[in-house]
Amino acid sequence: MPDIRLPDGSVKSFPGPVTVAEIAASVGAGLARAALAGRVDGKLVDTSHRVEADSEVAIITERDKDGVEILRHSTAHLLAHAVKELFPEAQVTIGPVIENGFYYDFAFKRPFTPEDLAALEKRMLEIAKREIPVARKLMQRDEAVAFFNAQGEHYKAEIIASIPPGEPISLYQQGDFIDLCRGPHVPSTGKLKVFKLMRVAGAYWRGDSNNAMLQRIYGTAWGRKEDQDAYLKMLEEAEKRDHRRVGAQLDLFHMQDEAPGMVFWHPKGWILWQEVEQYMRRVYRDNGYLEVRCPMILDVSLWKRSGHWDNYRENMFFTSSENREYAVKPMNCPGHVQVFNQGVKSYRNLPYRLGEFGVCHRNEPSGALHGLMRARAFWQDDGHIFCTEDQILGECIAYTALLRKVYRDFGFTDIIYKIATRPEKRVGSDAIWDKAEAALIESLKRSGADFQINPGEGAFYGPKIEYSLKDAIGRVWQCGTMQVDFSMPQLLGAEYISEDNARKVPVMLHRAIVGSMERFLGILIENYAGAFPLWLSPEQVAVLSITERHADYAEQVAGALRKAGFRAAADLRNEKISYKIREHSLQKLPYQLVVGDKEKQANTVAVRTRGGEDLGAMTLSDFIARLQTEAVALGTA
RNA sequence: GCUGGCGUAGCUCAGCUGGUAGAGCAACUGAUUCGUAAUCAGUAGGUCCGCGGUUCGACUCCGCGCGCCAGCACCA
């Protein structure tokens, strides 16, 4: 006699064991139709799951987040089913749910083509229409291995063989297609209606580049058509904002074949860059950093001592001259230790904070390059703090606070925190790593930040906090970092004299707030879609003359704006005003000033904002006051 | 680096199964002197990514390389 408590608090009694589907039907026919799965005492189960005892039961539909995930998972199976029908020789492997969709990896003798994808999508729709029931079965492990081997599904057999013995294996069957899966799944293929195959790409078996490469088909799936349309629209929007595209449209930078992974900054892009760099320089200055500049190439002997030779060589560029080997620096830290090492340092000098806008070159694998986001030559707002162990926590907490302020000034408020712990390839003892990891964790706790741990993702010399931010359309970008390093100072002979007059090795904190300048500018471009806040806009004001008669006045206005510290230019071309407005609008200028007879006579300017709003005529001094207010409000003063 | 796709004018792209290239926008020149997102006319512009090969003939087919794009792997 199970009593079933539903989410609305009501309780239903049943005379005997009852399935989730039956419970849904007892509530109503609509819910029975919509039921995709159930949640019994917090655990997701199929609608065929039989409830024996008193339980809390919720019916999962496409309205639930879990419901959409189940749809996606089942759609991955639907894809595999279609592949097996169209290409029986293909072997199935795994097909998990990912953000916004799913993928499924197949082993197949040839690559899938776009035509294959179209055919598969069509077949998926057909199979869905057949409304094939999806049934769960249990099998013993060895039996399952034998079963899949007999089917020629060797990857699947390998997955099952790696499951600990004794655990029953659950399989899902829809028609002729059987797949290993934990479930739950929708009760029938007929529930799968809104999906789309997106692309095909290679992916290594078990994510290891030593293994065979499989064919991965990506798809998206949703509960409602509107949701999928919104998602596809978002992708389009993201494509429109692509920094490579906007960078070309706004004439900010370019890249070319002869310099893969390196950027040619154009005059307008360089203004944007300088605004960010000068802002960060003020941040250094106001927070106790001393700015330095170190050589770009250094003898390899230094990189051998620092550990880079052993741990980072394949990512470095080398050059030689007169029988000496040099490395182009991939990081600024060894240089900063050399600065620290000049002269005797006392504990009174600590924390000793150095900052540099230094260019680093890293020989990234060609396949990793991606516009500004992943370059081979990039500048960092790089800083190193030499301090005592006792000072680590305070420095980390202060740093996190500073980083939050900087991100906020650039318009980012949503920050994601991760701690990357010791990797396999590393320098330093386990005891040192224990200490360093603990310090970072404690500092984030004290900063009130939620964080997750990324095991094994740390740098070779120390663990790190990775700070990521979310942009205007919800994408996440890693920018800042804070790394605790107990090893490099010692390797490079850094010391200070302690209170008890002993020589001690300082701890070194590696930190960067915006991270790579290139990447950060790329993020800014995409976040603002090129419509930068006033202080960052490469061109802030265009003064548009109506006819030749107003040229002098337009020049005068532009000159006065420049004198007031703004980037302004007069557009005196012999073009219609609407033509000029269109051009500067496409260039996303914050303000356009129209000057004609009326304005010239009244000594005013007619102000048009980037949003297309006409603010009417005002005096130049009123307009300048407005600009100043706006610049201050955006954190530049 | 790996898998797949792609590389034609400054940009976006067309060019069927091989017969040495075309559009729109931009640029330039001239005309137009105009009030809030495109004035008209004309001109110029290409070692069809590079190097080899097949062929009477290659942008087109083949091979090698380079770069870009998507994903994987990598990412102090």
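Each chain gets a letter, A, B and so on, in the order the sequences are listed, and its residues count up from 1. Computed from a prediction, not measured in an experiment: that's the story for all the values here.
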Could you tell me whether [X] contacts a base, only the sugar-phosphate backbone, or nothing, with contacts defined as non-hydrogen atoms closer than 4.0 Å?
{"X": "A:Glu548", "answer": "base"}
{"X": "A:Gly462", "answer": "nothing"}
{"X": "A:Arg608", "answer": "base"}
{"X": "A:Thr547", "answer": "base"}
{"X": "A:Gln380", "answer": "base"}
{"X": "A:Tyr103", "answer": "nothing"}
{"X": "A:Ala248", "answer": "nothing"}
{"X": "A:His584", "answer": "nothing"}
{"X": "A:Phe108", "answer": "nothing"}
{"X": "A:Arg549", "answer": "sugar-phosphate"}
{"X": "A:Arg244", "answer": "sugar-phosphate"}
{"X": "A:Ser366", "answer": "base"}
{"X": "A:Ile546", "answer": "base"}

Which ones in residues 586-599 of chain A lie close to RNA chain B, meaning a heavy atom under 4.0 Å from one of its atoms?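 Contacting residues: A:Leu586, A:Val594, A:Gly596, A:Asp597, A:Lys598, A:Glu599.
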Determine the Euclidean distance between corresponding [atom1] atoms of [M] and [N]; express it in Å to zero decimal places.
{"N": "B:rC59", "M": "B:rC6", "atom1": "C1'", "answer": "15 Å"}
{"N": "B:rU8", "M": "B:rA23", "atom1": "C1'", "answer": "13 Å"}
{"N": "B:rA58", "M": "B:rG52", "atom1": "C1'", "answer": "13 Å"}
{"N": "B:rG10", "M": "B:rC28", "atom1": "P", "answer": "15 Å"}

Between [N] ([atom2]) and [X] ([atom1]): distance, integer Å:
{"X": "A:His254", "N": "B:rG67", "atom1": "NE2", "atom2": "C1'", "answer": "13 Å"}
{"X": "A:Trp205", "N": "B:rG71", "atom1": "CH2", "atom2": "C1'", "answer": "18 Å"}
{"X": "A:Asn100", "N": "B:rA70", "atom1": "CG", "atom2": "C1'", "answer": "16 Å"}
{"X": "A:Asn311", "N": "B:rC75", "atom1": "CG", "atom2": "P", "answer": "12 Å"}
{"X": "A:Phe102", "N": "B:rG71", "atom1": "CZ", "atom2": "C1'", "answer": "15 Å"}
{"X": "A:Arg206", "N": "B:rU3", "atom1": "CZ", "atom2": "P", "answer": "22 Å"}

Please tell me which of A:Ala203 and A:Glu258 maps to the more 5' nucleotide of RNA chain B, matching each residue to the nucleotide holding its nearest heavy atom.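 Its nearest nucleotide lies further toward 5', so the answer is A:Glu258.
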Could you check A:Leu369 against A:Phe460 and say which one's nearest nucleotide on RNA chain B is further toward the 5' end?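 The 5'-side residue here is A:Leu369.
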Please determine, for [N], whether a Watson-Crick or G-U wobble partner exists with both distances under 3.5 Å, and give it or none.
{"N": "B:rG71", "value": "B:rC2"}
{"N": "B:rU55", "value": "none"}
{"N": "B:rC48", "value": "none"}
{"N": "B:rC16", "value": "none"}
{"N": "B:rC28", "value": "B:rG42"}
{"N": "B:rU60", "value": "none"}
{"N": "B:rG35", "value": "none"}

Would you indicate which nucleotide in [options] comes nearest to any side-chain atom of [X]?
{"X": "A:Arg582", "options": "B:rG35, B:rA70, B:rA37", "answer": "B:rA37"}
{"X": "A:Ala201", "options": "B:rU36, B:rG67, B:rA70", "answer": "B:rA70"}
{"X": "A:Ala606", "options": "B:rG35, B:rG1, B:rC68", "answer": "B:rG35"}
{"X": "A:Met213", "options": "B:rC34, B:rA37, B:rU3", "answer": "B:rU3"}
{"X": "A:Tyr218", "options": "B:rA37, B:rG71, B:rU36", "answer": "B:rG71"}

Which residues share a salt bridge (charged side-chain N to carboxylate O under 4.0 Å, His left out) with A:Arg422, sequence neighbours left out: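 Per chain and number, A:Arg422 pairs via salt bridge (charged side-chain N to carboxylate O under 4.0 Å, His left out) with A:Asp430, A:Asp434, A:Glu437.
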Sequence neighbours left out, what passes salt bridge (charged side-chain N to carboxylate O under 4.0 Å, His left out) with A:Arg610? Give chain and number order.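 Once residues adjacent in sequence are excluded, A:Arg610 has no partner under the salt bridge (charged side-chain N to carboxylate O under 4.0 Å, His left out) criterion.
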How would you list, by chain and number, every residue that makes a side-chain hydrogen bond (donor to acceptor under 3.5 Å, both in side chains) with [X], sequence neighbours excluded?
{"X": "A:His154", "result": "A:Asn149"}
{"X": "A:Tyr289", "result": "A:Arg511"}
{"X": "A:Ser537", "result": "none"}
{"X": "A:Asp257", "result": "none"}

Keeping A:Arg241 on the side-chain end and A:Ala238 on the backbone end, is there a donor-acceptor pair under 3.5 Å?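 No: the side chain of A:Arg241 does not pair with the backbone of A:Ala238.
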I'd like to know if the side chain of A:Lys196 and the backbone of A:Ala221 have a donor-acceptor N/O pair within less than 3.5 Å.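 Here the side-chain-to-backbone pair does not exist.
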Those residues that, when tested against A:Trp270, pass side chain to side chain contact (heavy atoms under 4.5 Å, CB included) (two or more places apart):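 For A:Trp270 the side chain to side chain contact (heavy atoms under 4.5 Å, CB included) partners, ignoring immediate neighbours, are A:Trp265, A:Trp273, A:Gln274.
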Going by the salt bridge (Lys or Arg N to Asp or Glu O under 4.0 Å) test, which pairs reach into residues 537-556 of chain A, not counting sequence neighbours?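 Listed once each, the pairs are A:Lys268-A:Glu539, A:Arg549-A:Asp597.
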Nearest heavy-atom pair of A:Ile392 and A:Ala439: which atoms, and what distance?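 In terms of heavy atoms, the two residues are closest at CG2-CB, 3.8 Å.
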Side chains of A:Val543 and A:Leu561: closer than 4.5 Å at any heavy-atom pair?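 They are in side-chain contact.
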Within 6.0 Å of CE in A:Met296, more than 12 heavy atoms from elsewhere: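 No, CE of A:Met296 has 12 or fewer neighbouring heavy atoms, counting only those of other groups under 6.0 Å.
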Would you tabulate the nitrogen or oxygen pairs shorter than 3.5 Å linking the protein to nucleotides 4-14 of chain B?
none

Can a side chain N or O of A:His370 be found less than 4.0 Å away from OP1 or OP2 on B:rG71?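 It does not, given that no N or O in the side chain of A:His370 lies less than 4.0 Å from OP1 or OP2 of B:rG71.
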Enumerate the ring pair (Phe, Tyr, Trp, His ring centres under 6.0 Å) contacts for residues 510-530 of chain A, please, sequence neighbours excluded, ordered by first and then second residue.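 The answer is A:His384-A:His510, A:Phe410-A:Phe520, A:Tyr461-A:His510.
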Which word best sums up how the rings of A:His308 and A:Phe460 line up, parallel for under 30°, tilted for 30 to 60°, or perpendicular for over 60°?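 The arrangement is perpendicular - the two ring planes meet at more than 60°.
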Aromatic ring proximity A:Phe112/A:Phe87, centre distance under 6.0 Å: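 Yes, ring centres under 6.0 Å apart.
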So which protein N/O to nucleotides 24-31 of chain B N/O distances come out below 3.5 Å?
none

